[in-house]
Engineer: 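The structure is given below, and queries will be raised subsequently.
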Amino acid sequence: RIAVLINGMGLSDGATAEAIKGLPAPISVAYGAYGRNLQDWVEKARQEGHEVLLQIPLEPLDYPTNDPGPHTLLTTLPPEENLKRLQWLMSRFTGYVGITNLMGAKFEPTQASFVPVLEEVKARGLLFVDDGSVKDSAGGQIAGTIGLDFATADVQIDAVPTPDDINKALARLEAVAKEKGSAIGIASAKPATIKALAQWAGQLQAKNIILIPVSAAIRSQRQS
């Protein structure tokens, strides 16, 4: 069983529409908080059967040179201010099952900052999918302590966005799924990635692989 989460939805109308219509329903989609007409796009995705997540900006190592927006959660802010920012981000649209990160190489390893955020996610009955880009993230450890439904992506599908590298990443994702029983891949809403995923998804039945939403992958990992 494989789950795929498409990040960066809602930033480009064309790419968002293509992902919603062009990908199988079990593929989950994550919208950033700064897009336009977000609730409309979320409704369109849900009508096509896609599970929806909210992507929140977390402080990268090189902030503010690399600045993911005015409501970025920062290690230099007190927890109350980060929770205010989180609540603003979470108010941008409704209908999501969980949260995923945008960046976070500075934020995620900093327990004093990350713990209150994940506690708030847990209190709201949401799950958290880490995109796997932060190697020393404290997220898994914190989630285990507080009982939060949490998973880290196994493969970043278009970290190198060439067709050949995307296909190699998808082959790695299949291998992880066969080894572990389930696997989670993360990709961006780029047209080339959407095209490659649609083509790949059409070949899965012959390989005895099924696509599942990320929430189902997290549940199956927790049960195992």
Side-chain angles (χ1 to χ4, degrees), residues 2-58 60 68-69 71-73 85-86 88-104 107-108 117-118 120-121 124-134 137 139 143 148-159 161 169 173 183-191 193-194 197-198 201 211-219:
I2 291 178
V4 174
L5 176 61
I6 304 295
N7 279 339
M9 295 280 285
L11 299 176
S12 155
D13 287 357
T16 299
E18 200 171 323
I20 290 171
K21 282 289 189 188
L23 292 175
I27 289 183
S28 304
V29 294
Y31 289 82
Y34 299 130
R36 295 170 304 163
N37 305 318
L38 286 172
Q39 193 64 54
D40 290 345
W41 282 118
V42 167
E43 294 305 329
K44 286 186 173 79
R46 294 182 70 198
Q47 283 162 13
E48 293 294 328
H50 299 287
E51 184 174 75
V52 173
L53 284 84
L54 165 68
Q55 191 175 21
I56 61 168
L58 304 177
H71 295 273
T72 300
L73 277 55
R85 292 187 174 202
L86 177 63
W88 183 90
L89 295 162
M90 293 170 84
S91 72
R92 294 287 290 137
F93 57 88
T94 61
Y96 49 89
V97 300
I99 308 288
T100 187
N101 61 299
L102 171 65
M103 304 188 193
F107 194 89
E108 288 199 7
V117 170
L118 292 185
E120 180 70 8
V121 173
R124 288 175 178 250
L126 300 167
L127 54 84
F128 194 99
V129 180
D130 192 298
D131 72 2
S133 62
V134 182
S137 171
L148 170 68
D149 282 341
F150 179 96
T152 301
D154 298 288
V155 176
Q156 291 182 303
I157 293 166
D158 57 354
L173 189 61
I184 298 174
I186 293 274
S188 63
K190 296 189 181 90
T193 303
I194 301 304
L197 280 169
L211 283 171
I212 58 174
V214 290
S215 63
I218 290 175
R219 278 197 301 273

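Starting from 1, each residue takes its place in the sequence as its number.
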Engineer: Excluding sequence neighbours, so at least two apart, what forms ring pair (Phe, Tyr, Trp, His ring centres under 6.0 Å) with His50?
Structural biologist: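 Partners of His50 under the ring pair (Phe, Tyr, Trp, His ring centres under 6.0 Å) test: none.
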Engineer: If I take atom CD1 from residue Ile218 and atom OG1 from residue Thr152, how far apart are they, to the nearest 0.5 angstrom?
Structural biologist: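 Answer rounded to 0.5 Å: 9.5 Å.
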Engineer: Heavy-atom distance under 4.5 Å between the side chains of Leu127 and Leu53, does that happen here?
Structural biologist: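 Of all side-chain heavy-atom pairs linking Leu53 with Leu127, at least one is under 4.5 Å.
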Engineer: Kindly give the heavy-atom pair with the smallest separation between Tyr96 and Leu126, and that separation in Å.
Structural biologist: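 The answer is O-CD2, 3.6 Å.
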Engineer: Look up atom CE in Met90 and atom CZ in Arg124, then write down how far apart they are to the nearest 0.5 Å.
Structural biologist: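 Rounded to the nearest 0.5 Å, the CE-CZ separation comes out at 4.0 Å.
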Engineer: Quick test of your reading of the model: are Lys44 and Glu48 salt-bridged, counting only N-O distances below 4.0 Å?
Structural biologist: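 Looking at Glu48 together with Lys44, the answer is no, because their closest N to O distance does not fall below 4.0 Å.
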Engineer: Compare every heavy atom of Leu211 with every heavy atom of Pro24, then report the nearest pair and how far apart it is.
Structural biologist: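 Distance-wise, the nearest heavy atoms are CG-CD1, 4.0 Å.
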Engineer: Taking it one step at a time, do Ile20 and Trp41 satisfy side-chain contact (heavy atoms from CB on, under 4.5 Å)?
Structural biologist: CA-CA 9 Å; Ile20 290 171; Trp41 282 118; 3.7 Å; yes
Engineer: In Å and rounded to the nearest 0.5 Å, what is the CD1 to NZ distance from Ile6 to Lys190?
Structural biologist: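 So the gap between those two atoms works out to 10.5 Å.
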Engineer: Rounded to the nearest 0.5 Å, what's the gap from CG on Leu58 to CG on Asp131? Could you check?
Structural biologist: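 Here the rounded value is 9.5 Å.
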Engineer: Between the main-chain N or O of Asn101 and the side-chain N or O of Asp130, is there a donor-acceptor pair closer than 3.5 Å?
Structural biologist: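 Here the side-chain-to-backbone pair does not exist.
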Engineer: At what distance, to the nearest 0.5 angstrom, does CD of Gln55 lie from CG of Leu102?
Structural biologist: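 Gln55 CD to Leu102 CG: 4.5 Å, rounded to 0.5 Å.
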Engineer: Compare every heavy atom of Ile184 with every heavy atom of Ala151, then report the nearest pair and how far apart it is.
Structural biologist: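 For Ala151 versus Ile184, the nearest heavy atoms are CB-CD1, 3.6 Å.
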Engineer: Quick check against the 3.5 Å criterion: does Thr193 have a side-chain atom that pairs as donor or acceptor with the backbone of Ala187?
Structural biologist: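 No; judged by distance alone, with no hydrogens or angles, the pair does not exist.
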Engineer: Any donor-acceptor pair under 3.5 Å linking the side-chain atoms of Glu43 with those of Gln47?
Structural biologist: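 Absent: no donor and acceptor within the cut-off.
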Engineer: On a heavy-atom basis, which atom in Ile186 and which in Ala153 lie closest, and how many Å separate them?
Structural biologist: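 Where Ile186 meets Ala153 most closely, the heavy atoms are CG1-CB, 3.1 Å.
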Engineer: On a heavy-atom basis, which atom in Gln156 and which in Gly132 lie closest, and how many Å separate them?
Structural biologist: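 Answer, listing the atom of Gln156 first, then Gly132: NE2-C, 4.3 Å.
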Engineer: Is there a donor-acceptor contact under 3.5 Å from the side chain of Glu51 to the main chain of Val97?
Structural biologist: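 Side chain of Glu51 to backbone of Val97: no pair is present.
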Engineer: Looking at Thr72, is its backbone amide N or carbonyl O close enough to the side chain of Arg85 to form a donor-acceptor pair, meaning the two atoms are under 3.5 Å apart?
Structural biologist: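 Yes; at least one donor-acceptor contact below 3.5 Å.
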Engineer: Return yes if some donor-acceptor pair links the side-chain N/O of Tyr31 with the main-chain N/O of Phe93 below 3.5 Å, else return no.
Structural biologist: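 Not a single qualifying donor-acceptor pair exists.
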Engineer: Is there side-chain contact between Asp13 and Arg36, with at least one heavy-atom pair below 4.5 Å?
Structural biologist: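 A side-chain contact under 4.5 Å exists here.
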Engineer: Can you tell me how far CG of Leu173 sits from CG of Asp154, rounded to the nearest 0.5 angstrom?
Structural biologist: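 Interatomic distance, Asp154 CG to Leu173 CG, rounded to 0.5 Å: 7.0 Å.
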Engineer: Testing the basics here: between Ala33 and Leu54, what is the closest heavy-atom pair and its distance to 0.1 Å?
Structural biologist: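 That would be CB-CD1, 4.3 Å.
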Engineer: In terms of ring plane angle, is the pair Phe128 and Phe150 parallel, tilted or perpendicular, where the classes change at 30° and 60°?
Structural biologist: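 Ring orientation of Phe128 relative to Phe150: parallel.
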Engineer: Check whether any side-chain heavy atom of Leu89 sits under 4.5 Å from a side-chain heavy atom of Leu73, and report yes or no.
Structural biologist: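 SC-SC contact between Leu89 and Leu73 confirmed.
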